[in-house]
Amino acid sequence: MEFKHVEEVLKPEAVGQRVCIRGWIYRRAVVGRKAFVRVRDSTGVVQVVVDASKLGDSLVHELKDIGLEASVIACGVVKESERAPGGFEVDADHFVIVGYSRDFPIKGGEGVDYLLDNRHLWIRSPKYAKIFKIKHTVMKAGREFFISRGYWEVTPPIITASACEGGATLFPVDYFGTRAYLSQSAQLYLEALIYVLEKVFSLTPSFRAEKSRTRRHLAEYWHLEPEAAWFSMEDMMKEAEELVAYMVEKVLEERKSDLVDLGRDVEALKNALRTPYPRVKYDEAIEILQKKGLNVKWGDDLGADEERALTLEFDTPIFLTHFPKHIKSFYMKVDRSRPEVVLGFDLLAPEGYGEIIGGGEREDDYNMLLERMKEQGLNPDDYKWYLDLRRYGSVPHSGFGLGIERAVMWIAGLDHIREATPFPRFRERVYP
Ligand code: 4AD
Ligand code: MG
């Protein structure tokens with residue numbers, strides 16, 4: 001038996017052909033002596049008509065009470081059908097139930113916590129196949145982009161001895177009796193690797209023990225991070241905007257129908273193909289926000305509400321740059337012409353989504369870095385190896401980190417980051 005995927009059956013060319021499909025029962029209804037079974041596979045949903053006059057009353061009777069998500073094999077001739085989803089149906093001449101499904105726990109209308117307890121089953125909902133395929137394309141495009149520009153993919157450690165992004169969100173691990181942490185970012189290790197390979201990137205899980213539950217924070221997320229020797233902040237911003245435009249281009253090319261099915265405004269997304277993106281200095285951002293009536297002053301960290309307000313002023317992603325040094329990490333290079341700010345940038349996604357990338361030029365001077373560590377209350381002994389990079393042939397260098405789920409959330413137009421990952425991790429949620 002040769003099988004076809006549902007997407008190949010939902011086509012005018014398939015009409016009149018006899019096909020076999022296999023999948024799971026998504027919906028079913030029995031009317032008189034006919035069962036209308038909607039079968040789902042990884043590519044879509046198609047209606048299969050089981051007629052008792054051909055396949056017997058006992059099968060139709062069984063289908064009347066069969067549980068959703070039972071697995072089945074069906075063969076038959078493809079016909080046009082106005083009432084079937086997608087416009088085609090399979091008139092079954094062969095139908096086998098492979099795996100029964102009794103009392104499938106998701107019937108429709110359940111609350112989010114219940115659904116998350118059943119996440120292993122909830123992800124069978126057809127929208128997740130579309131989202132996870134978009135995520136696949138985003139990650140593939142990310143890898144392709146860096147490889148095509150001469151970056152080497154490397155494998156930094158996940159278990160680390162010290163913080164990259166501040167102690168507040170570290171996950172401790174018992175490491176053979178001493179304390180270690182799950183990595184928040186590969187950055188510090190990528191910085192060591194540029195002295196070997198010059199341009200490197202990694203795609204790894206990152207961990208943040210975020211105390212609050214928000215729409216855009218996960219405790220575990222996928223992090224795409226490049227780092228390049230000899231690159232200025234502006235050089236790295238060019239990579240960042242071209243990366244994001246490339247990801248959007250690939251998703252539009254390969255997964256446009258998924259975007260449409262998910263309700264994404266595709267025209268709005270296309271604006272992100274227009275590079276370069278506007279560069280907005282932190283100072284200007286504060287002015288814009290004040291004019292809009294938000295209660296912020298120079299020196300404040302910008303949260304989700306401020307980012308949202310800023311993104312609504314533009315229709316493409318925007319860069320925010322030159323932040324006050326005390327709101328940014330110790331490794332960011334102090335602007336030599338304006339020592340109260342650092343050469344850091346964030347890329348904010350439009351339509352209210354906000355930060356998807358954080359990066360910048362790294363402090364490459366030993367003494368300046370040491371001073372910044374002390375300012376931020378870090379113990380330089382914990383970072384001896386990292387300081388060494390400034391002692392032995394230091395070079396100017398820059399990098400950034402893109403949160404894959406943040407990017408997918410924006411590209412697919414999702415309203416919560418948990419939708420962008422199959423088994424979301426956040427406070428009070430580690431099962432299933
Ligand atoms: O801005 P962040 O904290 O920067 C860094 O970690 C740098 N060391 C990266 C680098 O320069 N190599 O994080 C980078 C990105 C954010 O812009 C966001 O997209 C994502 O990581 N991110 C999260 N995504 C989901 N859940 C969280 N809790 C996240 N925290 C950061
Ligand atoms: Mg950030």
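Order of listing sets the numbers, starting from 1, for every ligand and every atom in it.
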Any idea which part of [X] is under 4.0 Å from ligand 1, heavy-atom wise: side chain, backbone, both or neither?
| X | value |
| --- | --- |
| Y221 | side chain |
| Y331 | side chain |
| R362 | side chain |
| E405 | neither |

What protein heavy atom lies closest to [atom]? Include the residue and the distance to one decimal.
| atom | result |
| --- | --- |
| atom 15 (C) of ligand 1 | G401 O, 3.6 Å |
| atom 12 (N) of ligand 1 | E225 OE2, 2.8 Å |
| atom 18 (C) of ligand 1 | R406 NH1, 3.6 Å |
| atom 3 (O) of ligand 1 | R208 NH1, 2.9 Å |
| atom 14 (C) of ligand 1 | H223 NE2, 3.4 Å |

Next on the checklist: If we only consider heavy atoms of E165, is any one of them less than 4.0 Å away from an atom in ligand 1?
Outcome noted: yes
Next on the checklist: Please determine whether any non-hydrogen atom of I417 lies less than 4.0 Å from an atom of ligand 1.
Outcome noted: yes
Checklist entry - Near the Mg ion (ligand 2), which protein N/O/S atoms are found at less than 2.8 Å? => result E355 OE2
Item to check | Nearest non-hydrogen partners of P350 and T311, listed with the distance | outcome: CA-CB, 3.9 Å
Would you mind running through ligand 1 and noting each atom that sits below 4.0 Å from a heavy atom of [X]?
| X | answer |
| --- | --- |
| E210 | 28 (N) |
| C164 | 8 (N) |
| G358 | 1 (O), 9 (C), 10 (C), 11 (O), 17 (O) |
| I357 | 17 (O) |
| L218 | 25 (C), 26 (N), 27 (C), 28 (N) |

Checklist entry - ligand 1 and P226, any nitrogen or oxygen pair closer than 3.5 angstrom? => result no
Checklist entry - Would you say ligand 1 has an N or O under 3.5 Å from any N or O of E355? => result yes
Next on the checklist: Heavy atom to atom 19 (O) of ligand 1, shortest distance: which of T421, I356, I404 holds it?
Outcome noted: I356
Relative to [Y], does [X] satisfy both conditions: NZ or CZ under 6.0 angstrom from the six-membered ring centre, and within 45 degrees of the ring's axis?
| X | Y | value |
| --- | --- | --- |
| R390 | Y386 | yes |
| R102 | Y100 | yes |
| R38 | Y26 | no |

Looking just at side-chain N and O atoms, do [X] and [Y] make a donor-acceptor pair shorter than 3.5 Å?
| X | Y | value |
| --- | --- | --- |
| T43 | E7 | no |
| E153 | S202 | no |
| S185 | E225 | yes |
| H397 | E361 | no |

Could you tell me whether [X] atom [atom1] has more than 12 heavy atoms of other residues or ligands within 6.0 Å of it?
| X | atom1 | answer |
| --- | --- | --- |
| N379 | CG | yes |
| R83 | CZ | no |
| W385 | CH2 | yes |

Checklist entry - With a 6.0 Å cut-off on ring centres, are Y195 and Y392 close enough? => result no
Checklist outcome for this item: One should read off an interatomic distance between K328 NZ and F345 CZ, to the nearest 0.5 angstrom, of 10.5 Å
Item to check | ring pair (Phe, Tyr, Trp, His ring centres under 6.0 Å) partners of residues 131-158, not counting sequence neighbours, each pair once | outcome: Y128-F132, F146-Y151, F146-F201
Next on the checklist: Check this for me, if you would: do E267 and K270 make a salt bridge, where the nitrogen-to-carboxylate-oxygen distance has to be below 4.0 angstrom?
Outcome noted: yes
